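Everything below concerns the one structure shown next.
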Amino acid sequence: MTAAKEKWSAEVTEHSNAMDLEDHVFESGDAKKIAASLKRSAEHSHRRKAEPFQSAMSMLNFYINRAGKNLPATRKKVLEYAKDELRVAFGREKEG
């Protein structure tokens with residue numbers, strides 16, 4: 001991956017108009033903590049354009065997709081669990 005692409009995705013994650021994230025939110029090893037942080041950020045953000053659940057899930061998916069092959073299996077597993085925890089936090093049913 002080129003430096004420009006890496007810089008672009010880091011810039012989006014840090015300064016997205018979707019919502020303001022807490023520092024190091026995706027570094028936690030606890031899926032519930034990640035989900036709770038994303039929920040707080042989505043509900044308190046004045047910059048998001050979608051509903052809180054959609055903004056939070058979009059940011060989580062964006063992070064997972066941008067990390068791609070560089071994301072270790074253990075980290076990806078925690079982040080995938082965070083999706084389920086996010087659904088629970090917002091009272092949504094699991095898809096499929």
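Numbers here simply count residues along the sequence, with the first being 1. All values derive from a computational prediction rather than experimental measurement.
For the pair P52 and A42, the tightest heavy-atom approach, listed with the atom from each and the gap, is O-CB, 3.3 Å. Smallest separation of non-hydrogen atoms from F53 and R92: CD2-NH1, 3.3 Å. Taking both residues in full, the closest heavy atoms of A35 and A82 are given as CB-O, 3.8 Å, listed atom of the first, atom of the second, then distance.
Legend: residues meeting side-chain hydrogen bond (donor to acceptor under 3.5 Å, both in side chains) with K39, ordered by chain and number and at least two apart, are E43. With sequence neighbours excluded, the residues that form a side chain to side chain contact (heavy atoms under 4.5 Å, CB included) with S28 are D30, K33, I34. Every residue meeting the side-chain hydrogen bond (donor to acceptor under 3.5 Å, both in side chains) condition with S37, not counting sequence neighbours, appears here in chain and number order: E22. Shown here are the salt bridge (Lys or Arg N to Asp or Glu O under 4.0 Å) partners of E51, two or more places apart in sequence or in another chain: there are none.
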Between L60 and I64, does a side chain to side chain contact (heavy atoms under 4.5 Å, CB included) hold up when you go through it step by step?
-> CA-CA 6 Å; L60 181 53; I64 292 168; 4.2 Å; yes
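Distance CG/L79 to CG/N65: 11.0 Å, rounded to 0.5 Å. Atom CG of residue L38 and atom CE of residue M59 lie 8.5 Å apart, to the nearest 0.5 angstrom.
The cluster map of Ile, Leu, Val, Met, Phe, Trp and Tyr, joined by side-chain heavy atoms under 4.5 Å apart, puts F90 and Y81 in different clusters.
Applying the salt bridge (Lys or Arg N to Asp or Glu O under 4.0 Å) test to every pair with at least one member in residues 71-82, sequence neighbours left out, gives these pairs: E80-K83.
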